[in-house]
Participant: 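The structure that follows is given in the form of structure tokens.
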Amino acid sequence: MPRPFTPKVVTGNALLEGDVVYLAADGSWTRDLAQAELLTDEADAQVRLIEAQARAGEVVGVYLADMAEGPDGPEPTHFREAFRRAGPSGYVFAKSTS
């Protein structure tokens, strides 16, 4: 039995800077997770993923990341995504959890 679909965002890394980026509803890339489009329909999520993967001149490593709807936008449901949001070194995340 397949698992039920959970909300997701399209994420990857900016090609030139390497920063974590998220796909916004208007099709732009944002570094702010709160501005990311939260996808609640599996078919829509797959279409947005395919469209984002075709933009190889802008981003690399594009995938769907599990999220939950939070009061200020999407919130990570896994440690990996919370850590990625903190940046390449994870310094901010590590500092905030001390």
Side-chain angles (χ1 to χ4, degrees):
M1 173 184 250
R3 291 180 10 190
F5 183 79
T6 57
K8 301 191 184 331
V9 299
V10 177
T11 185
N13 293 88
L15 182 63
L16 297 179
E17 303 87 4
D19 296 343
V20 174
V21 291
Y22 306 96
L23 190 62
D26 66 1
S28 65
W29 293 105
T30 179
R31 286 162 174 76
D32 183 2
L33 179 56
Q35 295 177 7
E37 178 181 23
L38 185 64
L39 302 161
T40 57
D41 179 81
E42 187 171 9
D44 288 341
Q46 291 300 322
V47 168
R48 296 294 276 166
L49 176 64
I50 291 167
E51 292 170 348
Q53 288 173 330
R55 296 167 65 180
E58 301 171 37
V59 292
V60 294
V62 177
Y63 65 96
L64 293 172
D66 290 328
M67 297 285 163
E69 189 169 350
D72 297 317
E75 291 291 330
T77 59
H78 294 99
F79 172 79
R80 177 180 193 263
E81 295 308 320
F83 191 79
R84 282 184 76 240
R85 178 168 69 170
S89 68
Y91 177 77
V92 175
F93 182 81
K95 192 75 167 160
S96 69
T97 59
S98 301

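Heavy atoms only: backbone and side chains are in, while hydrogens, waters and symmetry mates are out.
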Participant: Name all residues meeting the side-chain contact (heavy atoms from CB on, under 4.5 Å) criterion together with E69; count only those two or more places apart in sequence or in a different chain, and write none if there are none.
Facilitator: L38

Participant: Do you reckon V59 sits in the same ILVMFWY cluster as L64, going by side-chain contacts under 4.5 Å, direct or chained?
Facilitator: yes

Participant: Does the side chain of R85 reach to within under 4.5 Å of the side chain of E75, using non-hydrogen atoms?
Facilitator: yes

Participant: With sequence neighbours left out, write down each residue that passes side-chain hydrogen bond (donor to acceptor under 3.5 Å, both in side chains) with D72, or none if nothing qualifies.
Facilitator: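 Applying side-chain hydrogen bond (donor to acceptor under 3.5 Å, both in side chains) to D72 gives none.
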
Participant: Can I get a per-line list of side-chain donor-acceptor pairs under 3.5 Å for residues 43-54, giving both atom names and the distance, sequence neighbours left out?
Facilitator:
{"unit_1": "R48", "atom_1": "NE", "unit_2": "E37", "atom_2": "OE1", "d": "2.8"}
{"unit_1": "R48", "atom_1": "NH2", "unit_2": "A24", "atom_2": "O", "d": "2.9"}
{"unit_1": "R48", "atom_1": "NH2", "unit_2": "E37", "atom_2": "OE1", "d": "2.9"}

Participant: Heavy atoms only: give me the nearest P74-A36 pair and the separation to one decimal.
Facilitator: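 Heavy-atom minimum between the residues: CG-O, 3.7 Å.
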
Participant: Who else is in the cluster with V60 when I, L, V, M, F, W and Y are joined by side-chain contacts under 4.5 Å?
Facilitator: L15

Participant: Hydrophobic cluster membership, with links at side-chain heavy-atom distances under 4.5 Å among I/L/V/M/F/W/Y: are L39 and L23 in one?
Facilitator: yes

Participant: Is the shortest heavy-atom distance from the side chain of P76 to the side chain of L33 under 4.5 Å?
Facilitator: yes

Participant: For the residue pair A65 and E81, what are the closest heavy atoms and their distance?
Facilitator: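 Scanning both residues, the minimum pair turns out to be CB-CD, 3.6 Å.
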
Participant: Which residue in the set T40, D41, D66 passes side chain to side chain donor-acceptor pair (under 3.5 Å) when paired with K8?
Facilitator: D66

Participant: Do V9 and V20 belong together in a cluster built from hydrophobic side chains that touch within less than 4.5 Å?
Facilitator: yes

Participant: For the atom pair CH2 (W29) and CG (N13), what is the distance rounded to the nearest 0.5 Å?
Facilitator: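 Reported value, rounded in 0.5 Å steps: 10.0 Å.
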
Participant: Kindly write out the residues that satisfy salt bridge (Lys or Arg N to Asp or Glu O under 4.0 Å) with R55, not counting sequence neighbours, or none if the list is empty.
Facilitator: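 Here the qualifying residues are E58.
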
Participant: I need the minimum non-hydrogen distance between R31 and Y22, along with the two atoms involved.
Facilitator: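 Smallest heavy-atom distance, with atoms named: O-CE1, 4.0 Å.
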
Participant: Checking D32 now: which residues fulfil salt bridge (Lys or Arg N to Asp or Glu O under 4.0 Å) with it, not counting sequence neighbours?
Facilitator: none

